[in-house]
Amino acid sequence: MGQLKVAKRYGKALFDLALESGKLEEAMQDLTLIKSLSHKDLAIVLVSPVVTSYKKVNIFTAIFAKHIQPLTLAFFKLVFLKGRSIAIKEIIEAFSSMYREQKGIKVVKLTTAIPLSDDIKKTIGQELQKSSLLTGKTIELNEKVDPSIIGGLTIQVDDQLFDASIKHDLQHIKRQFIKNMYVSEI
């Protein structure tokens with residue numbers, strides 16, 4: 001079974017369990033904490049096939065037991081004991097996706113050439129809120145700085161991309177020159 005399928009199934013299991021027990025918000029906070037504290041060396045140990053499942057459980061428990069609720073801790077113990085630790089990142093993402101859908105939150109990926117001020121981000125968020133695609137939704141704006149777009153911005157919502165970057169415009173102009181728009185009238 002593919003890692004993505006496993007992640008979706010485990011993510012859905014945790015989501016359903018948290019929803020049923022009324023601990024959805026707490027579970028989301030726990031997963032956000034786990035994701036934010038993921039250290040490169042910790043991630044290597046937790047997915048390593050050399051480290052036994054019981055050692056992984058002990059390490060995870062030692063680090064997170066005081067900071068996350070028992071439901072989340074028990075779930076991750078099960079993940080380790082079932083040998084699914086390689087999919088932790090994907091499980092967290094699958095759960096987060098279901099959480100956002102449940103709460104009516106849309107992730108908007110904003111890419112700019114330079115970091116934007118908070119005022120500009122707020123204005124962009126307000127304008128996006130007016131679009132028919134995001135009406136009635138809460139917007140989670142994920143900003144990325146990519147100097148290769150030269151200027152302007154790109155906005156991606158689900159599978160729709162709005163590209164107003166200088167790089168895109170230059171590529172469009174290049175295609176026009178290659179196409180040789182000038183035709184001689186001799």
Would you mind writing out the side-chain donor-acceptor pairs for residues 91-104 within the sub-3.5 Å range, not counting sequence neighbours?
residue: Glu93; atom: OE2; partner: Arg100; partner atom: NH2; Å: 2.9
residue: Ser96; atom: OG; partner: Ile92; partner atom: O; Å: 2.8
residue: Tyr99; atom: OH; partner: Glu25; partner atom: OE1; Å: 2.7
residue: Tyr99; atom: OH; partner: Glu25; partner atom: OE2; Å: 3.1
residue: Lys103; atom: NZ; partner: Glu25; partner atom: OE2; Å: 2.9

Side-chain heavy atoms of [X] within contact of [Y], under 4.5 Å:
X: Leu37; Y: Phe64; result: yes
X: Asp169; Y: Asp163; result: no
X: Lys137; Y: Ile105; result: no
X: Phe80; Y: Ile88; result: yes
X: Gln156; Y: Val108; result: no
X: Glu90; Y: Gln3; result: yes
X: Val107; Y: Asn142; result: yes
X: Gln69; Y: Asp30; result: yes

Quick one: pull up [atom1] in [X] and [atom2] in [Y] and give me the separation to the nearest 0.5 Å.
X: Gln126; Y: Ile139; atom1: CD; atom2: CD1; value: 9.5 Å
X: His39; Y: Leu46; atom1: NE2; atom2: CG; value: 12.5 Å
X: Leu73; Y: Ile68; atom1: CG; atom2: CD1; value: 4.5 Å
X: Ile124; Y: Leu128; atom1: CD1; atom2: CG; value: 7.0 Å
X: Leu14; Y: Leu31; atom1: CG; atom2: CG; value: 5.5 Å
X: Leu170; Y: His172; atom1: CG; atom2: NE2; value: 11.0 Å

* Heavy-atom closest pair, residues Ala18 and Ala27 ->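 Smallest interatomic distance, heavy atoms only, reads CB-CB, 3.8 Å.
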
* Would you please test Leu116 and Leu153 for side chain to side chain contact (heavy atoms under 4.5 Å, CB included) and show each step? => CA-CA 10 Å; Leu116 298 177; Leu153 55 85; 5.5 Å; no

* Going by the side chain to side chain contact (heavy atoms under 4.5 Å, CB included) test, name the single residue among Thr111, Ile149, Asp146 that passes it with Ser165. =>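 Between Ser165 and the candidates, side chain to side chain contact (heavy atoms under 4.5 Å, CB included) is satisfied uniquely by Ile149.
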
* Can you list the steps and then say if Leu4 with Val6 is a side chain to side chain contact (heavy atoms under 4.5 Å, CB included)? -> CA-CA 5 Å; Leu4 193 56; Val6 168; over 6 Å; no

Same cluster or not: [X] versus [Y], using hydrophobic residues (I, L, V, M, F, W, Y) connected whenever any side-chain heavy atoms lie under 4.5 Å apart?
X: Ile155; Y: Leu161; result: no
X: Leu71; Y: Phe15; result: no
X: Phe75; Y: Leu42; result: yes
X: Met28; Y: Leu33; result: yes
X: Phe60; Y: Leu17; result: no

* Would you please test Lys106 and Thr138 for side chain to side chain contact (heavy atoms under 4.5 Å, CB included) and show each step? => CA-CA 6 Å; Lys106 279 284 189 184; Thr138 304; over 6 Å; no

* Counting heavy atoms not belonging to Lys121, are there more than 12 under 6.0 Å from its NZ? ->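 Buried by this count: over 12 neighbours within 6.0 Å.
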
* Ile44, CD1 atom: more than 12 neighbouring heavy atoms under 6.0 Å ->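 Correct, the count exceeds 12.
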
* Between Lys122 and Asp119, is the closest basic N to carboxylate O distance under 4.0 Å? ->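 Here Asp119 does not pair with Lys122 in a salt bridge, since their nearest N and O are not under 4.0 Å apart.
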
* **Verdict with reasoning, Ile34 to Phe76, per side chain to side chain contact (heavy atoms under 4.5 Å, CB included)** => CA-CA 11 Å; Ile34 292 167; Phe76 278 102; 3.7 Å; yes

* Counterpart residues, ring-ring contact (aromatic ring centres under 6.0 Å, His included), relative to Tyr10 (two or more places apart) ->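 None.
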
* Give every residue pair that meets the side chain to side chain donor-acceptor pair (under 3.5 Å) criterion with at least one member in residues 53-66, sequence neighbours excluded. =>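 Non-adjacent pairs meeting side chain to side chain donor-acceptor pair (under 3.5 Å): Lys56-Ser85.
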
